[in-house]
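Data block below; observations after.
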Number of protein chains: 2
Amino acid sequence: MTTSLHHRAIENLGTRIVSGNLPAGHVMLAEQLEVELKVSRSVIREAVRVLQSLGLVETTKRVGIRVLPPSRWNPFDPQVIRWRLASDARGAQLRSLAELRAAVEPAAAELAAQNAPAPLRLELVDVAYAMRDAGHNGEVPRFLELDIQFHSLLLSGSGNEMFANLMGQVAETLTGRTVHGLMPDHPHEAALQWHVDVAEAISRGDSAAARDASDRIMRRTMSQMSDTWTEQPRVFIPVRH
Amino acid sequence: MTTSLHHRAIENLGTRIVSGNLPAGHVMLAEQLEVELKVSRSVIREAVRVLQSLGLVETTKRVGIRVLPPSRWNPFDPQVIRWRLASDARGAQLRSLAELRAAVEPAAAELAAQNAPAPLRLELVDVAYAMRDAGHNGEVPRFLELDIQFHSLLLSGSGNEMFANLMGQVAETLTGRTVHGLMPDHPHEAALQWHVDVAEAISRGDSAAARDASDRIMRRTMSQMSDTWTEQPRVFIPVRH
DNA sequence: TGACACCGATGTGTGCAGACATCAAAACTC
DNA sequence: GAGTTTTGATGTCTGCACACATCGGTGTCA
């Protein structure tokens, strides 16, 4: 047994729901899931409880287990994000993540310039220069590794645990080339200098400069990636009064 | 019975863990929880499964149910947020949410100016003017209601489901006076005009102007509330390479 | 004698099967 | 149509078997 049964049940149902294979409104019965997944009732129940807490299903007596529409899902949950990245909505998920990152990183840079502990500032500067060297020397794998480290440091340096988790929880689960959807895979000359600018500004506590440089990086990244998720349909979640 | 047993168990354990009452590293036994909460094994097991998916605990055979440190918690989960708001870390949680909102809303305004459907733009303008009227007339409850509606519309108008969820999941849980921590309770004259500016800019598709006006609102809001969470200790989550 | 590898006892989560309780949708009665 | 009964699904409880990580004892070898 590689993973626990209930974990496999969660994966099975989660992927099917997020992919649209099990459409919103679809009703399942616990007993039916038992025979379909060939597991006992307790496994099904524990899996359903987790999916319920993610907003993927709801249970009603006398009805069964009903699949909820995407507007009810928790779009910040790492599992939901992973399932969406493996589905047809992959492009839309990458765009959402990129937009969130583009919004947050400049703010994180501003906060880091005000609050980050001294050792983190020093490490940030070191990594920025190492990035620049790696970029100039064409060491692509090393550059990618440093890039992730740089942005992780930046976000955690903000002292905001939600910012820190953006890279920490999300991009961490996206190993390897998946991150390429969020970051450019080969460095741009100006961007290399902008990373150094961000680090230096944070190092000297210049929050405005840190924000501006970070914003430049993000805007370039976005324009560089925008053609990747070509014309993914945007979904507008209605606001309930 | 108002709520289900497993839900009560989740609430009980969740609040105790997030409040620090059950410190990280503390190990519990399922059997012990049964007698303590006076519920059966299945209830405990389902509750533990949900807490596990939130990153609050981990289970190990031969050891028990171990409480995880805050760095492992999912800071975006609505339940975790609610539990933190009810704990000593309430100030830090409010600050984190406010910083996230301040980072996201200008970006959402920019996107809404580019992508929002026409009816939403019109509604946004209507709400902005209604807000201004309510503010001028000193109708505080109505103003607060319109304020929430305005920002909900703005975020969902971005077409980014993560942005849309910020108000939907977060501010929804902050009912009544809790909102006072996130929003000023009486309107400022300039801010009223800025809301109109945001709506008008989005209406005519001027993304830069929408972003600028929204940024002004956020900066004013942040400076207005920064003294509320006086000197909450910032927690820097270490980045693991 | 001491260090170390092995191995079985123990305790705990994991998974299973069956029973009864509860409650809301649906059918029924008036 | 309103109120009542029936029904069928989840909710809860319990006893059991199994998997497996940890601990401690035992044996071997230096």
Side-chain angles (χ1 to χ4, degrees), chain A residues 1-17 21-69 72-74 79, chain B residues 1-17 22-69 72-74 78-79:
Chain A
M1 184 194 309
T2 68
T3 60
S4 60
L5 285 184
H6 89 271
H7 188 270
R8 269 189 279 176
I10 291 174
E11 286 294 320
N12 185 318
L13 293 174
T15 358
R16 284 202 281 167
I17 292 174
N21 196 339
L22 293 174
H26 182 79
V27 174
M28 302 165 295
L29 271 49
E31 189 184 7
Q32 151 200 347
L33 290 176
E34 293 178 33
V35 301
E36 181 180 336
L37 303 184
K38 289 192 282 289
V39 293
S40 76
R41 189 160 169 207
S42 50
V43 173
I44 293 294
R45 292 183 51 77
E46 289 163 23
V48 167
R49 280 282 126 77
V50 172
L51 296 175
Q52 194 177 26
S53 83
L54 301 183
L56 264 60
V57 301
E58 71 179 357
T59 62
T60 318
K61 284 187 174 185
R62 175 72 194 206
V63 173
I65 302 153
R66 182 183 292 115
V67 177
L68 293 176
R72 299 282 299 274
W73 304 347
N74 179 359
Q79 295 189 102
Chain B
M1 181 198 305
T2 71
T3 61
S4 59
L5 288 182
H6 86 270
H7 189 270
R8 269 189 281 176
I10 291 175
E11 287 293 320
N12 184 318
L13 294 174
T15 45
R16 282 203 283 167
I17 291 174
L22 292 175
H26 181 80
V27 174
M28 302 166 294
L29 272 47
E31 191 184 6
Q32 153 201 345
L33 291 176
E34 293 177 32
V35 301
E36 182 179 335
L37 303 183
K38 289 194 279 291
V39 292
S40 73
R41 269 206 314 282
S42 49
V43 172
I44 292 295
R45 285 170 55 165
E46 290 162 24
V48 168
R49 279 284 133 79
V50 172
L51 296 175
Q52 194 178 24
S53 83
L54 301 183
L56 264 61
V57 302
E58 71 179 357
T59 61
T60 324
K61 283 184 176 178
R62 172 72 193 194
V63 174
I65 302 153
R66 183 183 290 115
V67 177
L68 293 176
R72 301 281 299 273
W73 303 347
N74 180 358
Q79 296 187 102

Show the distances under 3.5 angstrom between N or O atoms of the protein and N or O atoms of nucleotides 5-10 of chain C.
residue	atom	partner	partner atom	Å
C/dT10	O2	B/Arg62	NH1	2.3

Rounded off to whole Å, could you give me the [atom1]-to-[atom2] distance for the [X] and [N] pair?
| X | N | atom1 | atom2 | value |
| --- | --- | --- | --- | --- |
| B/Glu58 | D/dA21 | CD | P | 14 Å |
| A/Leu37 | C/dC16 | CG | C1' | 15 Å |
| A/Arg66 | C/dA25 | CZ | C1' | 11 Å |
| A/His6 | C/dG15 | NE2 | P | 7 Å |
| A/Glu34 | C/dG18 | CD | C1' | 11 Å |
| A/Arg49 | D/dT10 | CZ | P | 11 Å |
| A/Glu46 | C/dT14 | CD | C1' | 8 Å |
| B/Ile65 | C/dT12 | CD1 | C1' | 10 Å |

Verify side-chain contact (heavy atoms from CB on, under 4.5 Å) between B/Glu46 and B/Arg49, making sure each step is shown before the conclusion. CA-CA 5 Å; B/Glu46 290 162 24; B/Arg49 279 284 133 79; 5.6 Å; no
What string of B, S and - do you get for nucleotides 13-18 of chain D, 5' to 3', when a contact is any protein heavy atom under 4.0 Å? BBBB--
Report yes if a side-chain nitrogen or oxygen of B/Thr59 is closer than 4.0 Å to either non-bridging phosphate oxygen (OP1 or OP2) of C/dT14; otherwise report no. yes
Counting C-beta onward and ignoring hydrogens, is there a side-chain heavy-atom pair between [X] and [Y] closer than 4.5 Å?
| X | Y | answer |
| --- | --- | --- |
| A/Met28 | A/Leu22 | yes |
| A/Ile65 | A/Leu13 | no |
| A/Ser42 | B/Arg45 | yes |
| A/Val39 | A/Arg8 | no |
| A/Gln52 | B/His6 | yes |

CG-CG distance between A/Asn21 and A/Asn12, expressed to the nearest 0.5 angstrom: 9.5 Å
Taking all non-hydrogen atoms of both residues into account, name the closest pair between B/Ser53 and A/Gln79 and its distance. CB-NE2, 4.4 Å
Which of these passes side chain to side chain contact (heavy atoms under 4.5 Å, CB included) with B/Val48: B/Leu56, B/Ile10, B/Val57, B/Val43? B/Val57
